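Please read all numbers here as calculations on a predicted model, not as lab measurements. Below, chain A is the first sequence line, B the second, and so on; all start at residue 1.
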Amino acid sequence: MAATVSDNLLDWYDAHARELPWRAKPGTPSPEPYRVWLSEVMLQQTTVAAVKPYFEAFLARWPNVEALASAPEEDVMAAWAGLGYYSRARNLVKCARAVAELGHFPETESDLRRLPGLGAYTAAAIAAIAFEKRAVVVDANVERVVARLFAIEEPLPAARKAIRIAADAITPDMRAGDFAQAMMDLGATICTARDPRCLLCPLSNACKARAEGDPGRLPVKAPKKAKPLRQGQTYWMENDGAVWLVRRPGTGILGGMRALPDDGWNARSSGSMQAPSPGIWESAGVVRHTFTHFSLELTVLTSLGASQPDGQGEWWPIDSLDEAGLPTLFAKAARLAQSG
DNA sequence: CATCCGTGGCA
DNA sequence: TTGCCAAGGAT
């Protein structure tokens, strides 16, 4: 009987699996569901390199799901600062509390899917990796590998249905967790978006796109929209070794995160250029930052000896600003304000 | 199905 | 420098 795609891939994985902090070695028992869940949420649209230090820090500070469930939400938000997509952090707390209340992680894909922050991908990944369930795990890596393996010409995202059917067809009944991680490792290291390394690929003999000569052109993707440019201001108000910080609204860009006050810029429009209090404002420069769907030119204005502005906020000691948990945009602005 | 939601690395 | 891309989810 001929070796299947999954046999070849699992053999390759046994020899070449990446060693990652949240991962068990091939053939050893599954890692704790808490570690699998935490890493999978952090890895949503985020690179392995970016996740590693956050995973280690979270695990050291909150060693299990009960500890995380007991943490104040704002502590988790601050610890997440810099990792992006901050709704993940709020859903992480909600999910931890639901799991702690339940007493354990659900083990089936459909039950996992009901938890906050767990969509089709993450629920399948946890079921397969933590609980050895057969689940069809489809992320961007799997989409790319499968689109090439079967030479699926239909563009994304319309091709997702066909890709799922093809992925299902090659997913084995046993070792589905290792299979999923092997597909992702293959996509990350061999079957890469640009210049796939087919000479090193354990699936090259079966790959239809390679047989046709130009696997790198798949999967076809719909063209992207241009990002509008927005302009805004942010305000560094300093008084007696402290800076005035606010908490952003729970929804929208950087929702729920601690921040410098600003003039109300957002994805749809530029800011009002109205400072939060009258006074002498000096420009410290401009921060350029690109979000998922718009770019921002943020002018940083500073005021020394600023008086207490109207509205909610707090004076934060500047020498411990690192612990405020500012998202990257405002961390850049703060750095600029202090450099001048 | 489309839009909103971060960030850093890389060619 | 600019654009592309990454272990997606919620609405």
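A267(A) comes within 4.0 angstrom of the backbone, heavy atoms only, and of no base. Within the nucleic acid shown, W80(A) has no heavy atom closer than 4.0 Å to any nucleic acid atom. If you check every strand for non-hydrogen atoms under 4.0 Å, L20(A) touches a base. Using a 4.0 Å heavy-atom cutoff across all strands shown, R18(A) reaches at least one base atom of the nucleic acid. Using a 4.0 Å heavy-atom distance criterion, R23(A) is classed as a base contact. Within 4.0 Å of A49(A), counting heavy atoms only, lies no atom of the nucleic acid at all. Using a 4.0 Å heavy-atom criterion, one finds that S39(A) contacts no nucleic acid atom at all. Within 4.0 Å of A140(A), counting heavy atoms only, lie sugar-phosphate atoms of the nucleic acid but no base atom.
The OH atom of Y121(A) sits 11 Å away from the C1' atom of dA6(C) (whole-angstrom rounding). Atom CD1 in I163(A) sits about 13 Å away from atom P in dG8(C), given to the nearest Å. Remark: C1' of dT2(C) and CG of L229(A) are 14 Å apart, rounded to the nearest angstrom. If you take CG of L118(A) and C1' of dG8(C), they are 11 Å apart, rounded to a whole angstrom. Protein atom NZ of K227(A) is 10 Å distant from nucleotide atom C1' of dC5(C), rounded to whole Å. Across the protein-nucleic acid pair, Q44(A) atom CD and dA7(C) atom C1' stand 8 Å apart, rounded to whole Å. Atom pair R160(A):CZ and dG9(C):C1' shows a separation of 12 Å (rounding to whole Å applied). Put simply, CG on N91(A) is 6 Å from P on dA10(C), counting in whole angstrom units.
Using a distance-only test at 3.5 Å, with no hydrogens or angles considered, a donor-acceptor pair links the side chain of Q338(A) to the main chain of A334(A). At least one donor-acceptor pair under 3.5 Å links the side chain of R90(A) to the backbone N or O of G250(A). Distance alone, capped at 3.5 Å, places no donor-acceptor pair between the W265(A) side chain and the S269(A) backbone. When atom types are taken as modelled, the side chain of S39(A) and the backbone of V36(A) share a donor-acceptor pair closer than 3.5 angstrom.
At least one side-chain heavy atom of V48(A) sits under 4.5 Å from a side-chain heavy atom of K52(A). In this structure, the side chains of E212(A) and R217(A) come closer than 4.5 Å at one or more pairs of heavy atoms. By the 4.5 Å heavy-atom criterion applied to side chains, L298(A) and R230(A) are not counted as neighbours.
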Give every donor-acceptor pair under 3.5 Å between a side-chain atom in residues 285-293 of chain A and any protein atom, sequence neighbours left out.
from, atom 1, to, atom 2, distance (Å)
H289(A), ND1, K332(A), NZ, 2.9
T290(A), OG1, S295(A), OG, 3.3
T292(A), OG1, Y85(A), OH, 3.3

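Evaluation of the salt bridge (Lys or Arg N to Asp or Glu O under 4.0 Å) test over residues 310-322 of chain A, restricted to residues two or more places apart or in two chains, returns R258(A)-E314(A). For the ring pair (Phe, Tyr, Trp, His ring centres under 6.0 Å) condition, the pairs that include at least one residue of residues 203-242 of chain A, sequence neighbours left out, are Y235(A)-W281(A). Pairs of residues two or more places apart, or lying in two chains, that qualify as salt bridge (Lys or Arg N to Asp or Glu O under 4.0 Å) and include a residue from residues 180-190 of chain A are R18(A)-D185(A), R23(A)-D185(A). Among residues at least two apart or in separate chains, salt bridge (Lys or Arg N to Asp or Glu O under 4.0 Å) pairs with a member in residues 135-149 of chain A are E143(A)-R160(A).
Side-chain contact of T302(A) with E238(A): a donor-acceptor pair under 3.5 Å is absent, judged by distance alone. If you check the side chains of T4(A) and D7(A), you find a donor sitting under 3.5 Å from an acceptor.
Distance check on atom P: dA11(B) versus dA7(C) gives 16 Å, rounded to whole Å. Taking atom P in both dG6(B) and dT11(C), one finds a spacing of 14 Å when rounded to whole Å.
Between T46(A) and dG8(C), a side-chain N or O to OP1/OP2 separation shorter than 4.0 Å is absent. For K224(A) and dC5(C), the shortest distance from a side-chain N or O to OP1 or OP2 is below 4.0 Å.
Looking at residues two or more places apart in sequence or on another chain, you find a salt bridge (charged side-chain N to carboxylate O under 4.0 Å, His left out) between D173(A) and R134(A). In this view, E56(A) and P21(A) satisfy the side-chain contact (heavy atoms from CB on, under 4.5 Å) rule, not counting sequence neighbours.
You can see that DNA chain B meets the heavy atoms of chain A within a 4.0 Å-exclusive cut from dT3(B) to dG8(B), reading 5' to 3'.
For DNA chain B, none of the residues of residues 172-188 of chain A falls under the heavy-atom distance limit of 4.0 Å. Contacts with DNA chain C (heavy atom under 4.0 Å) in residues 245-266 of chain A: none are found. Contacts between residues 81-88 of chain A and DNA chain B, defined by a heavy-atom separation under 4.0 Å, are made by G82(A), L83(A), G84(A), Y85(A), Y86(A). Taking every heavy atom of residues 55-65 of chain A and every atom of DNA chain B, no pair lies under 4.0 Å.
More than 12 heavy atoms of other shown residues, nucleotides or ligands fall within 6.0 angstrom of atom CG in D214(A).
When each of W22(A) and G117(A) is assigned the nucleotide of DNA chain C bearing its nearest heavy atom, the one mapping closer to the 5' terminus is W22(A). Of the two residues contacting DNA chain B, namely L329(A) and P157(A), the nearest-nucleotide position lying further toward the 5' end is that of P157(A).
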Legend entry - side chain to side chain donor-acceptor pair (under 3.5 Å) between E323(A) and W316(A), intermediate numbers included: CA-CA 10 Å; E323(A) 295 152 38; W316(A) 191 277; over 6 Å; no
